[in-house]
Undergrad: 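Before I ask anything, here is the structure I am working with.
Any value given below was found using the heavy atoms of this structure, including those in side chains, with hydrogens, waters and symmetry copies removed. Start at 1 and go down the list; that is how both ligands and their atoms are numbered. This one's a predicted model, so the numbers in the text were calculated from it and none came from an experiment. We number each residue from 1, following the sequence as shown.
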Amino acid sequence: MSEARPILKVENVTKTFGGVVANRDISMEVREGQIVGLIGPNGSGKTTLFNSIVGYHPIDAGEVWFKGRPLSRLRVGAIARMGLLRTFQQTRIYGKMTALENMLISLPQRARGVFDLLRPRGVEGMERANELLQFVGLHSKRHHVAGDLSFGQQKLLEFAMALMNEPDMLLLDEPTAGINPTLINGLIDRLKRANEEMGITLLVIEHNMRVIMNLAEHIYCLAHGEMLADGPPDAIRNDQRVIDAYLGAH
Ligand code: ADP
Ligand code: MG
């Protein structure tokens with residue numbers, strides 16, 4: 001795996017809000033096919049880093065590279081069309097539409113070219129939507145109004161909606177937050193399968209240590225907006241700086 005080429009490179013990224021330095025001189029790398037974790041106490045800059053990567057806001061310094069191309073001048077939509085998508089800490093589904101309708105409207109985010117735009121995507125889109133609802137275990141709920149699904153099911157739906165766009169890489173912001181333990185195991189299993197079977201590279205912000213140690217092969221740890229440490233799960237688990245950062249935060 002370590003010989004795989006980097007798909008995402010973050011180089012010396014700094015992002016400030018007024019006087020607050022939310023990300024200071026952050027560098028990291030994710031290789032194609034990896035599942036990488038991003039951890040750190042609340043307020044350490046994890047979500048900001050995702051926003052910096054996907055072009056949600058301009059950065060003050062540094063550069064982000066995806067598949068060898070610099071992203072800093074591109075907008076969210078253009079970055080999504082290159083195959084890089086993110087999900088949000090709070091789900092962004094349409095509560096009054098059914099699960100299936102949510103799947104179908106999430107499709108056009110990533111048209112690959114003019115022929116894709118011209119091709120009627122009705123039947124194909126419907127098939128894919130049904131397959132992916134099956135994949136996340138929501139097929140029997142496809143005609144339920146999304147707002148009536150449990151929070152965990154809404155997160156699974158959001159994950160399936162992201163998959164509709166056939167991303168090459170997904171950034172997931174606390175996918176298991178607020179989900180009950182049974183669904184957490186199901187979600188971890190789906191994340192691993194999306195990685196193994198669909199070849200999607202994953203960068204996952206995760207608060208639950210057990211989850212991230214089980215999921216990621218490499219973990220980056222932020223504290224106070226700076227990169228504190230990175231390494232394989234066992235090294236991170238035993239890193240005194242990481243332990244202190246978490247203890248200091250509570
Ligand atoms: P995390 O996701 O690790 O909990 P965030 O990236 O959300 O941390 O926040 C990092 C810091 O940046 C915090 O001090 C937060 O208050 C600040 N911050 C984040 N987004 C904004 C914003 N849009 N405007 C001002 N400050 C922000
Ligand atoms: Mg956050």
Undergrad: If we ignore angles and hydrogens, is there a donor and acceptor under 3.5 Å between the side chains of T201 and Q34?
TA: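 Note: T201 and Q34 side chains miss the donor-acceptor criterion.
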Undergrad: Any N/O/S atom from T47 (main chain or side chain) under 2.8 Å of the Mg ion (ligand 2)?
TA: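 Coordinating: yes.
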Undergrad: Would you mind listing which atoms of ligand 1 come within a distance below 4.0 Å of any non-hydrogen atom of N42?
TA: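 Here the atoms of ligand 1 in question are 4 (O).
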Undergrad: Considering only residues two or more places apart or on different chains, which pairs with a residue in residues 129-138 satisfy side-chain hydrogen bond (donor to acceptor under 3.5 Å, both in side chains)?
TA: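 Of all non-adjacent pairs touching residues 129-138, those that pass side-chain hydrogen bond (donor to acceptor under 3.5 Å, both in side chains) are R128-E131, N130-H139.
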Undergrad: Just going by heavy-atom distances, which of G43, G225, P41 is nearest to atom 13 (C) of ligand 1?
TA: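 The option holding the nearest heavy atom is G43.
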Undergrad: Mark the output for G40 as yes if a heavy-atom distance to ligand 1 is under 4.0 Å, and as no if none is.
TA: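 So G40 does not count as touching ligand 1.
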Undergrad: Would D244 and R241 count as a salt bridge (Lys or Arg N to Asp or Glu O under 4.0 Å) if you check the C-alpha gap in whole Å, the side-chain angles of each, and the deciding distance to 0.1 Å?
TA: CA-CA 5 Å; D244 289 346; R241 294 166 301 172; over 6 Å; no
Undergrad: Would you say the side chains of D173 and T47 form a donor-acceptor pair under 3.5 Å?
TA: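 Yes - a donor-acceptor pair under 3.5 Å links their side chains.
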Undergrad: N/O of V20 under 3.5 Å from N/O of ligand 1, yes or no?
TA: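 Looking only at distances, the answer is no, because the N/O contact criterion of under 3.5 Å is not met.
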Undergrad: Identify, with sequence neighbours excluded, every residue that meets side-chain hydrogen bond (donor to acceptor under 3.5 Å, both in side chains) alongside H57.
TA: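 So H57 forms a side-chain hydrogen bond (donor to acceptor under 3.5 Å, both in side chains) with S52.
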Undergrad: Sort out for me which residue in L228, I212, N208 forms a side chain to side chain contact (heavy atoms under 4.5 Å, CB included) with I39.
TA: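 The side chain to side chain contact (heavy atoms under 4.5 Å, CB included) with I39 is passed solely by I212 among L228, I212, N208.
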Undergrad: For ligand 1, which atoms have a heavy atom of T48 less than 4.0 angstrom away?
TA: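 With T48 as reference, the close atoms of ligand 1 come out as 5 (P), 6 (O), 9 (O), 10 (C), 19 (C).
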Undergrad: Could you name the option among Y56, F17, F50 that has the heavy atom nearest to atom 21 (C) of ligand 1?
TA: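 The option holding the nearest heavy atom is F17.
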